[in-house]
Amino acid sequence: MKKITIILLFLIFEVGSLSAQSFQKILNEGSGKVKVYYYPIEPFIYKDEIGNLLGIEKEIIDSFLRFVEKKYSVKLFVEWEEVPTFESVFEYVNKSNIPSFGISVISKTKARSEVVSFSNSYMPDVSVFITHLSVPYLKNGESLKMNIKGFDAATIFNTTYKEDLDKLNEKFDLELNYLDVPNDEDVIKLVSRNKDMVGFVGLPFYVIGISKGFPVKRHSVFQVKRDGYRFIFQKNNGWEEPIQKYFESYLYRAEADKIIRRYLGNDYSELIWGLAGDNTDDRNDEIAFLTKEKEIQSQSYIAAEKEKELQWVIIISVSLGLLSVFIIVLLLIRLNRRKHKDNVLLKEKSGQLEEILSELNQSQSELSFQRKLLQRKNKELTDLNRQKDDLIGIVAHDLKSPINQMSGLITILGFNTEKWNKEELEVFEKLESSHSHLKELVERILDLESIQKKSMNYKFDVVDMAEVMKETIDEFDEKAKSKNIKIDSSKIQMNQLVRVDSFFLKQVFENLLSNALKFSNFNSNVFVGSTTQEGLHSIYVKDEGPGISDKDKLKLFTKYMTLSAKPTGDETSTGLGLSIVKKYVEEMNGNVWCESVIGKGAKFTITFPMI
């Protein structure tokens with residue numbers, strides 16, 4: 001996130017660094033100490049109310065250190081130390097006389113790379129330009145000048161945010177007045193309270209900010225994408241190899257995505273990855289993000305209204321208590337001082353109190369009305385969402401009967417194909433294909449309905465993954481022969497025991513094999529194999545098809561989403577199969593991911609903990 005000046009970084013580097021043999025020394029001795037320096041920033045690295053250290057980066061570092069212990073058979077003794085400023089993370093790492101790492105949502109820059117080493121990126125780094133919600137949407141330099149020229153700008157000095165503001169300021173002559181603040185959250189708070197203030201913040205902090213109800217607006221045209229958040233470590237200390245191996249390991253793939261989702265939520269995490277991975281002019285992802293923004297802001301508004309209502313209740317209760325005390329005091333005065341002057345004063349105060357009570361009662365009535373109105377609106381939204389889901393389910397169920405009747409009629413028609421001419425046969429084949437596509441679509445919708453309602457009845461048992469895959473391959477033999485595709489299963493190793501539901505595991509394999517054959521060229525190969533690494537059994541399916549683009553990978557497991565790659569034999573695609581695969585696998589405590597290069601096919605991998 002932040003960028004320190006080159007001069008400061010070089011001074012830090014001169015103070016001291018580790019020898020290149022530090023990791024080798026731990027290998028030789030079989031154990032050693034490591035230190036992790038951090039500057040707290042929620043939700044990446046922070047302490048809870050009882051002092052426990054939590055956060056996305058905390059858990060990723062823990063995962064990496066566990067990997068090193070297991071991979072290299074060494075024992076590591078880890079010490080965590082909080083540093084006073086973000087800039088001092090670099091200083092402490094380089095000064096340390098034992099292997100040390102630094103974390104605090106750090107972006108990789110050219111200047112920093114000259115004095116510290118960087119790990120692989122674990123999360124996108126996108127800076128978004130924000131204003132108060134009342135500012136019109138800014139789509140170009142002309143609208144910038146018209147609406148924000150001369151505004152104040154909240155920023156964090158010596159950071160990439162300051163650089164981004166400088167570029168806008170100089171390019172469009174905005175005459176911004178800078179105000180230094182400590183962190184992203186303070187930028188968001190200031191912009192939300194001042195209609196004539198702007199700033200840059202990280203995309204995750206913006207999502208968290210609007211979920212808390214801050215009235216800020218993102219202007220997508222001016223967002224800046226960088227090289228991703230990473231952690232740092234000392235140069236030339238021998239840790240480059242284990243860090244690289246960790247980011248290539250099954251352990252990282254299995255744990256990193258779950259860690260990020262746990263702190264940011266599934267919907268927010270997918271939106272951040274989607275918006276960061278595509279071009280800023282991709283309207284589909286921008287529309288999806290805007291839709292989620294509106295949903296978050298609506299939920300925040302309801303929560304804020306409820307909080308205001310609670311505050312009013314507290315104010316009224318306290319006021320009534322104070323009024324009671326005040327009345328008692330006045331009564332005591334009346335009893336002890338029976339003079340005419342005191343009686344007049346008492347009457348005046350009583351009149352004022354009655355007016356205050358009347359105003360408070362009126363305010364309470366208005367609050368009660370607003371609460372009922374919000375409750376009714378919330379119930380209407382909930383009912384509409386349930387009716388939508390029910391309607392999809394009803395339509396899908398009602399379609400099953402006519403589709404089954406169509407199946408019977410098509411079968412009867414097929415008995416007379418030898419009497420038809422070429423044109424009639426083509427019409428019959430198209431009818432069969434359309435019927436199959438419709439039937440598959442309805443089945444997939446019913447599967448998704450069951451998953452969403454959590455009505456799946458899993459029966460977990462010890463199952464040999466390899467044996468289930470072998471059975472599934474046999475069932476796809478005819479389909480493979482129809483395109484002259486060879487399914488090579490020579491790399492499958494038997495006795496891969498995992499605890500899953502064998503029925504749903506087979507459905508997962510059927511979807512993966514069906515996709516591989518569907519998108520493979522005629523006269524090509526599909527490779528199926530299995531491996532066991534780091535306590536995980538895995539099965540993979542690799543084809544020689546057109547491959548999957550980086551843009552499509554971000555939408556790969558989203559329901560109803562069709563990709564740019566097309567089936568090679570005029571097959572149809574519902575856009576539901578891979579979303580069902582992901583649901584089944586994750587609900588059985590497994591993981592699934594895809595590796596692909598355009599023009600070189602796609603490889604899907606399923607992993608489960610070994611028994």
- Does the side-chain contact (heavy atoms from CB on, under 4.5 Å) test come out yes or no for K108 and S113, once each step is laid out? CA-CA 7 Å; K108 183 179 181 181; S113 297; 3.5 Å; yes
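- In this structure, the separation between OH on Y246 and OH on Y252 is 7.0 Å, given to the nearest 0.5 Å.
- Contact record, Q234 with S100: OE1-N, 3.3 Å, taken as the closest heavy-atom pair.
- Put simply, CG on D227 and CG on N120 are 10.0 Å apart, with the number rounded to the nearest 0.5 Å.
- Note that the CZ atom of F205 and the CZ atom of F214 stand 13.5 Å from one another [nearest 0.5 Å].
- Taking 4.0 Å as the cut-off between side-chain N and carboxylate O, E586 and K582 count as a salt-bridged pair.
- The existence of a salt bridge linking D164 and R226 is confirmed by a sub-4.0 Å separation between a basic side-chain nitrogen and an acidic carboxylate oxygen.
- Counting only N and O atoms by type, the side chains of Y137 and S220 include a donor and acceptor under 3.5 Å apart.
- When all heavy atoms of L251 and E534 are compared, the pair lying nearest together is N-OE1, 3.2 Å.
- Nearest heavy atom pair, residue P242 against residue V68, reads CB-CG2, 4.3 Å.
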Which pairs of donor and acceptor atoms, one on a side chain in residues 47-62, lie under 3.5 Å apart (sequence neighbours left out)?
unit_1, atom_1, unit_2, atom_2, d
D48, OD1, I50, N, 3.1
D48, OD1, G51, N, 3.0
D48, OD1, N52, N, 2.7
D48, OD2, N52, ND2, 3.3
E57, OE1, S104, N, 3.2
E57, OE1, V105, N, 3.2
E57, OE2, V105, N, 3.1
E57, OE2, Y122, OH, 2.6
K58, NZ, D62, OD2, 2.6
E59, OE1, R262, NH2, 2.3
E59, OE2, Y263, OH, 2.7

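- With 3.5 Å as the limit, one finds a donor-acceptor pair spanning the side chains of Y161 and D184.
- Here K95 pairs with E91 in a salt bridge; the nearest charged N to carboxylate O distance falls below 4.0 Å.
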Check residues 28-35 and write down every donor-acceptor pair under 3.5 Å in which the side-chain atom is one partner and the other belongs to a residue at least two apart or another chain.
unit_1, atom_1, unit_2, atom_2, d
N28, OD1, Q24, NE2, 3.0
N28, ND2, Q24, O, 3.3
K35, NZ, E81, OE1, 2.9

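- Between K553 and D550 there is a salt bridge, since at least one side-chain N of the basic residue sits less than 4.0 Å from a carboxylate O of the acidic one.
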Discussion item. S211 vs Y206, test: side chain to side chain donor-acceptor pair (under 3.5 Å). Steps then yes/no.
Written reply: CA-CA 9 Å; S211 70; Y206 168 75; over 6 Å; no
Determine all donor-acceptor pairs shorter than 3.5 Å in which one atom belongs to a side chain in residues 186-203; sequence neighbours excluded.
unit_1, atom_1, unit_2, atom_2, d
S192, OG, I188, O, 3.3
S192, OG, K189, O, 2.7
N194, ND2, L190, O, 2.7

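- Ring-plane geometry between Y72 and F67 is classed as perpendicular, the angle between the planes exceeding 60 degrees on a 0 to 90 degree scale with a lower cut at 30.
- Of the candidates F86, Y92, W80, Y37 forms a ring-ring contact (aromatic ring centres under 6.0 Å, His included) with just one, namely Y92.
- How far CZ of F247 is from CZ of R230: 8.5 Å, rounded to the nearest 0.5 Å.
- In this structure, the side chains of L144 and L168 come closer than 4.5 Å at one or more pairs of heavy atoms.
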